[in-house]
Amino acid sequence: EPMTMVTDYLISAEALIFAILLFRNRNKSAFLNLWVAAFTTISVAAFLGGTYHGFAFYLQDSTSMALWIGVVYSLSLYSFLVLSATIINFTPCKFHQLFIALVGFKSLFYLYIAGQKDDFIYVIADYISAMVAVLAILSLTFDVNKKTSTVLLIAGILVSFVAAGVQQSGIILAENLNYNDLSHIISLISFWLLYRGCDIICNQTDS
């Protein structure tokens, strides 16, 4: 699956660049640190996924399985980090510990189910549930004075839903352009939108 490998590696490079750019920001905060970790995690997940799709034919079954488990755990961690960052930045402090504990329980539950069923749909379900919660928090705490960053974050998540839908569609446009490849291409746009939203918040230049 050469195109799947290439698009995965593109996501990995993009996410790593975003992580580095955010890390260099002088306005350090828990929100920023969590997003740095989130982009780093998705970079790792995409790299492992690209290696799995590109070289699985040449790898031992145990190695391929290890790569895939790494993808699953990394994606679940990404969902946890994004939702935790949203909770910390957009909800009252008194709820942070409770909400993050609930998010952690949800992630562990989905990881357990994914491990038992060995089906990527459960990883998607974990991601979708986390992002729906993020959308709900962003919508309920929408501040007209901070609209640009919020709109970008919401747009990034909605675009990621499109990517997830395409990934599950099974569509194949050409021999080397299938549902995975299209999903990855759409995800590149999603991560850029999310990065821009985070960058604006961290630099406090929203308008």
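Just so we're clear, the structure is a prediction, and the values are computed from it rather than from any experiment. Values below: every heavy atom of this structure, side chains too, minus hydrogens, waters and symmetry copies.
Legend: salt bridge (Lys or Arg N to Asp or Glu O under 4.0 Å) pairs involving residues 52-64, not counting sequence neighbours: none detected. Sorted by first then second residue, the side chain to side chain donor-acceptor pair (under 3.5 Å) pairs that include residues 80-90, not counting sequence neighbours, number zero. Under the salt bridge (Lys or Arg N to Asp or Glu O under 4.0 Å) criterion, the residue pairs touching residues 101-111 are Lys106-Asp126, with sequence neighbours excluded.
Taking 4.5 Å as the limit, every side-chain heavy atom of Thr141 sits out of range of all side-chain heavy atoms of Thr150. Side-chain atoms of Ser79 and Tyr110, non-hydrogen and from C-beta on, never get closer than 4.5 Å to each other.
Thr7 and His184 form a side-chain donor-acceptor contact under 3.5 Å, judged by distance and modelled atom types alone. Side-chain polar atoms of Tyr127 and Ser160 form a donor-acceptor pair below 3.5 angstrom.
Atom OG of Ser129 sits about 10.0 Å away from atom CZ of Phe109, to the nearest 0.5 Å. Rounded to the nearest 0.5 angstrom, Leu153 CG and Met131 CE are separated by 10.5 Å. Note that CG of Leu135 and CD1 of Ile157 are 4.5 Å apart. Values are rounded to the nearest 0.5 Å. In this structure, CG in Leu182 is found 10.0 Å from CE in Met3, a value given to the nearest 0.5 Å. Note that the CG atom of Asn203 and the SG atom of Cys198 stand 11.0 Å from one another [nearest 0.5 Å]. Rounded to the nearest 0.5 angstrom, Leu102 CG and Gln97 CD are separated by 12.0 Å.
At a threshold of 4.5 Å between side-chain heavy atoms, the hydrophobic network of Ile, Leu, Val, Met, Phe, Trp and Tyr places Phe95 and Leu83 in one connected group. Under a hydrophobic-cluster definition in which Ile, Leu, Val, Met, Phe, Trp and Tyr are linked whenever side-chain heavy atoms come within less than 4.5 Å, directly or via other members, Val132 and Val162 are assigned to the same cluster. There is no path of hydrophobic side-chain contacts, each under 4.5 Å, that joins Ile100 to Leu108. With hydrophobic clusters built from ILVMFWY side chains whose heavy atoms lie under 4.5 angstrom apart, Ile11 shares a cluster with Met5.
Listed for the Ser74 side chain is a donor-acceptor partner under 3.5 Å among the backbone atoms of Gly70. A donor-acceptor contact shorter than 3.5 Å is absent between the side chain of His53 and the backbone of Pro2. With hydrogens and angles ignored, the 3.5 Å screen pairs a side-chain donor or acceptor of Asp181 with a backbone N or O of Thr4. At distances below 3.5 Å, not a single donor-acceptor pair connects side-chain atoms of Ser149 with backbone N or O atoms of Gly197.
His96 and Thr91 get closest at one heavy-atom pair: NE2-O, 2.9 Å. When all heavy atoms of Asp8 and Gly50 are compared, the pair lying nearest together is OD2-N, 3.2 Å. Taking all atoms of both residues into account, the shortest heavy-atom contact from Leu75 to Ala45 is CD2-CB, 4.0 Å.
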Would you mind writing out the side-chain donor-acceptor pairs for residues 186-195 within the sub-3.5 Å range, not counting sequence neighbours?
from: Ser187; atom 1: OG; to: Ser183; atom 2: O; distance (Å): 2.9
from: Ser190; atom 1: OG; to: Gly156; atom 2: O; distance (Å): 2.7

Just distance, no hydrogens or angles: give the donor-acceptor pairs under 3.5 Å from side chains in residues 34-42, sequence neighbours left out.
from: Thr40; atom 1: OG1; to: Val36; atom 2: O; distance (Å): 2.7
from: Thr41; atom 1: OG1; to: Ala37; atom 2: O; distance (Å): 2.7

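When the shell of 6.0 Å around CZ of Phe161 is examined, it contains more than 12 heavy atoms from other residues, nucleotides or ligands. Atom OH of Tyr9 has more than 12 neighbouring heavy atoms from other residues, nucleotides or ligands inside a 6.0 Å radius.
Taking Ile, Leu, Val, Met, Phe, Trp and Tyr as hydrophobic and joining them when side-chain heavy atoms fall under 4.5 Å apart, one finds Leu16 in a cluster with Ile20.
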